[in-house]
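Nothing fancy with the numbering, it's 1 onward along the sequence.
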Amino acid sequence: MMTQAHTRRYLKKVILITLALILILLVTSQAFARGVTAQIDHQDAEMGDIITLVVKTDFQTFDSPDFHSLDDQFEVLGSQRSSQIQIVNGNYQAYSRWDVRLTPKQAGDLVIPPFNVDGELSDPIVLHVSEAPKADPRELGSSFLESSVNITEPYVQQEVLFTLRFYHLGQFLNGNIRPPSFDHAITQNIRNQFNYQKRIGGKLYEVYEWTWAFYPQKSGAMTIPPQSFNGRIQYRGVLKLVQDKTQPIELNVQPQPDTYPAQSAWLPAKEVRLTEDWQTPNPIRVGDSITRTLTLQADGLLASQLPDFQFKEQAHFHIYPDQPHTNNQATENGMQSQKVEKLAIVPTEPGDIVLPELTLHWWNTEQNTLETITLPAKTLTVLPALTSQSNTFDTATLPETHETVSRETSTTDSTTWSVSWFSVLLLGLWLITLWYALKWRRALQNLPSEPTETANLKNDQAWSKSPEMDAVCDEGELDAKSLYRAVLAWQQQTSVENSERLLTDLQRLKAHLYHQEPLAPQTLTDICAEIKRLRSQAQSAPAKTGSGQKLEPIYPNES
């Protein structure tokens, strides 16, 4: 028979070999998780802007993309390649990267084509290029400041993007700019000090750009005051003090259109999406909880501008809304917001219940039209509450959890689960390691151990103790839910056989918790008393011994 020390050394070798094989598979698997991505630093540009294109692989390669495909629409100013290998927390990652500086040759929607690297293709990118405003380079000087808005006649509460740009030649030393102030408007920072280069009149300017979104809260004339920038630059070896200022901007804020429904929340946005998700027990019975999740998303609005949904109580069910969860995300094109609201719907009577349709109106600021989203009405069939339970104490479900649910969404989505061969190999190696561990454990079980009488004494002591049960039953006023949990924990610990009296009382307790049936206060006291009697009876029962050195189990039929 193998000694304990020999078994441990043998198992240690097996584990080390297994870990080495897993590490090799992790390294070699990188060749099968290949991809190429391409991205640019901004999607909208003007003639003369210098764009930074980044092409990146998630694997190492000696190949290079063919950037000559850019020559038709762009002038490539230069490129740089870099490679890197990282091992972080055992995760191996190797990638190659190309940084390309380019400028558009023409205005319009220009397409950056896919790049092929070792047979892997990146996605194409569309760049929107507009004509640069006409300006005399002789009047611009070595630095200047400009401001602009994306719309001059917005609706009240519509998102307006205000952009401030500082241009300079030479080397920037220091400077500061104050955030703009907008009267009677809510302000949100979108982009802070975005840096790029722009060629104007043959001169290459360094550009610093800031963007804010603001939402006018009243209609009428609105003025954005001049903005100023103070700092220092060094140009052609000369230190210059910069004091640049913009021109004021005039806006005419439009009121809410008369055609907009008067009783609906005013939502001026670029796009609005409303979806719902259902979680229902199967089947649905009186007293069950049905969860309806509503997700409202908007482009060009803050989450604080999104409305709360109003629901009226119905005769056959109650509605309990949760606190909504909101989220704001700043993008290059403005704010994207989201509000998620969950509703618990509890049927009170059997039969068919009809949840009315939900209608949402919003104003499309891109098309200047009224839009309407409607979630259709939904009919659910509700069965009567269960009035009887089986004689088996069901420990799989607690009152506030429903493990078996069916999910239905307003849009059709499908999820395909796949298991790669790499995952199968890892699972196989893990099973081999587990098999050796069990074999080692069996070998250790043959070694001398503590006397069986002592072990059985410890099991009896653990069987008789139940601190949670004692704490619940000793309370002055018994709580049904707490007692239910304590009984569950006690049964899992002791594997006791229930008496007929205990089973009957437990059925009454479960009917009360699950289906709101009345429960006599004496039932909780009877459950505590019966469990105390069973524990006392088990402690005083003599242990049966078999022909061997081990005591027979307390319950011979238990495997």
Side-chain angles (χ1 to χ4, degrees), residues 44 145-165 176-194 208-229 246-258 260-274 294-310 323-341 360-371 373:
D44 297 296
L145 189 68
E146 70 174 16
S147 60
S148 63
V149 292
N150 66 327
I151 184 173
T152 57
E153 293 190 355
Y155 286 100
V156 62
Q157 297 182 7
Q158 179 183 345
E159 179 183 78
V160 182
L161 297 181
F162 174 78
T163 303
L164 189 62
R165 299 182 183 92
N176 61 79
I177 189 168
R178 293 182 179 179
S181 60
F182 307 98
D183 293 337
H184 307 291
I186 299 173
T187 308
Q188 180 71 40
N189 182 260
I190 295 293
R191 174 181 285 176
N192 186 33
Q193 197 164 305
F194 173 58
Y208 292 90
E209 181 177 295
W210 300 264
T211 304
W212 292 268
F214 68 93
Y215 307 83
Q217 298 301 296
K218 60 180 295 187
S219 59
M222 178 180 180
T223 301
I224 302 177
Q227 308 298 312
S228 61
F229 181 87
T246 66
Q247 296 296 320
I249 299 178
E250 301 291 337
L251 284 78
N252 183 20
V253 181
Q254 303 295 315
Q256 177 179 322
D258 295 335
Y260 197 82
Q263 303 301 321
S264 299
W266 170 239
L267 292 178
K270 301 173 184 176
E271 185 177 357
V272 173
R273 299 169 295 278
L274 176 62
L294 297 170
T295 302
L296 177 61
Q297 297 173 308
D299 294 345
L301 286 176
L302 296 173
S304 58
Q305 297 175 274
L306 302 181
D308 292 328
F309 298 105
Q310 302 296 329
Q323 187 70 23
H325 296 279
T326 59
N327 180 53
N328 287 316
Q329 183 177 359
T331 69
E332 182 181 345
N333 297 319
M335 294 298 299
Q336 292 180 344
S337 59
Q338 175 178 277
K339 175 177 284 189
V340 179
E341 186 171 351
L360 179 71
H361 300 288
W362 64 283
W363 190 262
N364 189 326
T365 57
E366 299 289 304
Q367 304 295 328
N368 205 29
T369 56
L370 174 66
E371 305 280 354
I373 302 175

Where T211 and N189 come nearest, the two heavy atoms and their spacing: O-ND2, 3.8 Å

Criterion side chain to side chain contact (heavy atoms under 4.5 Å, CB included) on E366 and E271, from CA distance to verdict: CA-CA 8 Å; E366 299 289 304; E271 185 177 357; over 6 Å; no

Student check: side-chain heavy atoms of E250 and T152 closer than 4.5 Å: no

Carboxylate-amine/guanidinium proximity below 4.0 Å for R165 and E146: yes

Side-chain donor/acceptor of Q305 to backbone N/O of Q157, under 3.5 Å: yes

Taking every non-hydrogen atom, the tightest pair across Q227 and L164: CB-CD1, 4.0 Å

Where G300 and Y215 come nearest, the two heavy atoms and their spacing: O-CE2, 3.7 Å

Short N-O contact, D308 and K339, less than 4.0 angstrom: yes

Heavy-atom pair of closest approach, residues S219 and V156: N-CG2, 4.3 Å

Gap separating the CH2 atom of W210 from the CD1 atom of I177, nearest 0.5 angstrom: 4.5 Å

Non-hydrogen side-chain atoms of V272 and E371 separated by less than 4.5 Å: no

Side chains of L145 and Y208 in contact at under 4.5 Å (non-hydrogen atoms): no

H184 side chain reached by M222 side chain, heavy atoms, under 4.5 Å: no

Check: Y155 and P257 side chains under 4.5 Å, non-hydrogen atoms: yes

Working for side chain to side chain contact (heavy atoms under 4.5 Å, CB included), residues L296 and W362: CA-CA 12 Å; L296 177 61; W362 64 283; over 6 Å; no

Heavy-atom side-chain proximity of S304 to N328 below 4.5 angstrom: no

Closest non-hydrogen atom pair, W212 against P179: CZ2-CA, 4.0 Å

Over 12 non-hydrogen atoms of neighbours within 6.0 angstrom of CD in Q256: yes

Side-chain donor/acceptor of K270 to backbone N/O of N333, under 3.5 Å: yes

Approximate separation, where rounding is to 0.5 Å, of L302 CG and E159 CD: 7.5 Å

Side-chain touch T163/I190, heavy atoms, less than 4.5 angstrom: no

Spacing of Q297 atom CD and Q336 atom CD [to the nearest 0.5 Å]: 8.5 Å

Inter-residue atom distance Q158.CD - F214.CZ, 0.5 Å rounding: 10.0 Å

Residue pair Q338, T295: steps toward the side chain to side chain contact (heavy atoms under 4.5 Å, CB included) verdict: CA-CA 7 Å; Q338 175 178 277; T295 302; 3.9 Å; yes

Over all atoms of both residues, closest heavy-atom pair of L301 and S337: O-OG, 3.0 Å

Between F162 and F182, ring centroids under 6.0 Å: yes

Rounded distance (nearest 0.5 Å) linking atom CD1 of I224 with atom OG of S147: 7.5 Å

Parallel, tilted or perpendicular, as decided by the 30° and 60° cut-offs, for the rings of Y260 and H361: perpendicular

Inter-residue atom distance L267.CG - L306.CG, 0.5 Å rounding: 6.5 Å

Check against side chain to side chain contact (heavy atoms under 4.5 Å, CB included), D299 and T331: CA-CA 10 Å; D299 294 345; T331 69; over 6 Å; no

Heavy-atom side-chain contact between P307 and L360 under 4.5 Å: yes

